[in-house]
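Here's the structure, in structure tokens; my notes come after.
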Amino acid sequence: MPAPEYAVFGAFWSVALVIGLGAFLPLELELARVVHLRPDGAPLPPGTVRAAAGVTGLTLLVLLAGWPLLGPVLGGSPALLGALVVLVLASGPQFVLRGLLLGRGRLLAHGVVLLLDALVRCLLAGVVVVLGPAGTAADLGWTLVAAVVLAHVPLLAWLLRRGRSGAPDPGPPVQAAAIGHLLVGTLCGQALLNAAPVLVTAAAAGPDERVLAAQFVAGFTLVRLPLFVAVPLQGALVPALTGAAEVPGGVRRLALRTAGAVAGLAAAGALLGWVAGPLLVRLLFGDRYVLDGGAMALLAAGSGLYLGLLVTAQALLAAARHRDVALTWTAGLAVAAVVFAAVPGLVPRAGLAFAIGSGAAFVVSLALLLRRPPVPARSPAAAGADPNGDRG
């Protein structure tokens, strides 16, 4: 693929990630929690279709309103705009299916769906390459959309048809307010995780700083590899953590254990980043992209803190504390923005913003978990009386 087309596809891929992991992931997370509290085989929780339609409509509105700004980045391609529109329409069924499978404990089926999605993407991309070696960004963009549809929509339709029942609907509903709080949280979380490379590249002035920006992007990509796996799979934590929330003191014990584990993980990551980070960057990206050991240690420690933050944020969700989830991620992003604005130096300001922002959000999440006893998962609050559990 020619370099300009690859740049356009990279921008399309980034937008697709924001759509999926920013806008629609809350559907998966809340469904995993709610479905776990319902009898096995119960129909789709009330409010699911309304919530999915609301997120879809809002995302489409933002996409179309922002196209004058986004269009030039995507080469002004109507085909890519069409692909993004279809991706938005398909993301509702995609994340509803994943939430249903996780909530019902069908982890094997969930993994098979993810694997099928990946295999179809690779197969279709191979077809594009065979038919036209110089494939365009639009060609490969549509392979992503087709894979999402083929891997998720037929299975969701089968599950919904199988789950129909005339019995009274038991269990808690999916609430728009809960989805709204999670939407704020996931968008702030994506910004905290992905904004640094964009800001560093934009702030680089002159050839030397552009080289530093490229080195930062390479190093940051390396240390985030575990997070690229963990972020899409964080919904798998929700059913287990919901079970912990039913045990008196269960979430509090989890918070304390997580704090100790994350402290050790961040320290080990910093040491590994200092010793092996530059060597790994040289191996994977080449000599010109090597970042010094101190910067790699800082980024690796930040990744460890972010990984722990994923656990504590899902613990808050499992305790039906949706507003606290939004507060946690918002606080982390706000601290990161202040650090980035206040600290001089291109690489230090970006690395410290990510690490300190993640650490601040982690501390806030721990404080919220320990501040008051979590609401039991089967209380009226968790059943839908209050999306933040304040009436428990």
Side-chain angles (χ1 to χ4, degrees), residues 1-18 21 69-75 134 136-137 140 189-229 231 266 268-307 332-333 335-359:
M1 177 180 289
E5 284 293 321
Y6 180 72
V8 170
F9 177 75
F12 169 84
W13 181 263
S14 297
V15 175
L17 286 176
V18 172
L21 300 181
L69 297 176
L70 186 61
V73 179
L74 298 181
T136 66
L140 290 181
Q190 283 296 297
L192 180 60
L193 181 61
N194 296 306
V198 178
L199 293 175
V200 165
T201 303
D208 291 340
E209 286 201 340
R210 282 195 287 271
V211 171
L212 277 177
Q215 292 172 347
F216 176 86
V217 171
F220 198 38
T221 299
L222 177 64
V223 301
R224 286 186 302 164
L225 288 178
L227 299 178
F228 291 150
V229 177
V231 171
L271 179 60
L272 183 62
W274 183 284
V275 174
L279 299 176
L280 291 174
V281 172
R282 180 177 290 109
L283 175 65
L284 295 176
F285 296 96
D287 290 338
R288 60 178 174 170
Y289 291 104
V290 174
L291 200 60
D292 67 84
M296 292 297 296
L298 179 63
L299 294 176
S303 292
L305 292 169
Y306 194 99
L307 193 60
L333 183 60
V335 169
V338 171
V339 172
F340 188 86
V343 174
L346 192 66
V347 170
R349 71 194 303 192
L352 286 170
F354 173 65
I356 295 177
S358 299

In this structure, CG of Leu199 is separated from CZ of Phe340 (nearest 0.5 Å) by 4.5 Å
Looking only at heavy atoms, the pair that brings Phe285 and Ala218 closest together is CE1-O, 3.6 Å
Heavy-atom closest pair (Val290 atom, Pro278 atom, distance to 0.1 Å) is CG1-CB, 3.9 Å
pair Phe216-Leu346: side-chain heavy atoms closer than 4.5 Å
no
d(Phe354 CZ, Asn194 CG) to nearest 0.5 Å is 9.0 Å
CG (Leu272) and CG (Leu280) are apart, to the nearest 0.5 Å, by 7.0 Å
Are the side chains of Leu291 and Leu299 in contact, using a 4.5 Å heavy-atom criterion? yes
So OG of Ser358 and CG of Leu193: to nearest 0.5 Å the spacing works out to 8.0 Å
For residues 214-226, the salt bridge (charged side-chain N to carboxylate O under 4.0 Å, His left out) pairs (sequence neighbours left out) are none
Any side-chain heavy-atom pair of Thr136 and Phe9 under 4.5 Å: no
Tightest non-hydrogen contact, residues Gly332 and Leu192, listed as O-CD1, 4.1 Å
Taking every heavy atom of Arg349 against every heavy atom of Val343, the minimum-distance pair comes out as CB-O, 3.3 Å
Which of Leu298, Val338, Leu305, Val339 passes side-chain contact (heavy atoms from CB on, under 4.5 Å) with Ile356? Answer is Val339
Closest non-hydrogen contact found for Ala300 with Gly269 is CB-O, 3.1 Å
Quick note, side-chain hydrogen bond (donor to acceptor under 3.5 Å, both in side chains) partners involving residues 282-302, not counting sequence neighbours, are Arg282-Asp287
task = Check step by step if side chain to side chain contact (heavy atoms under 4.5 Å, CB included) holds for Val217 and Thr221.
result = CA-CA 6 Å; Val217 171; Thr221 299; 4.1 Å; yes
* To do: Would you mind reporting whether Trp13 and Leu140 have side-chain heavy atoms less than 4.5 Å apart?
  => no
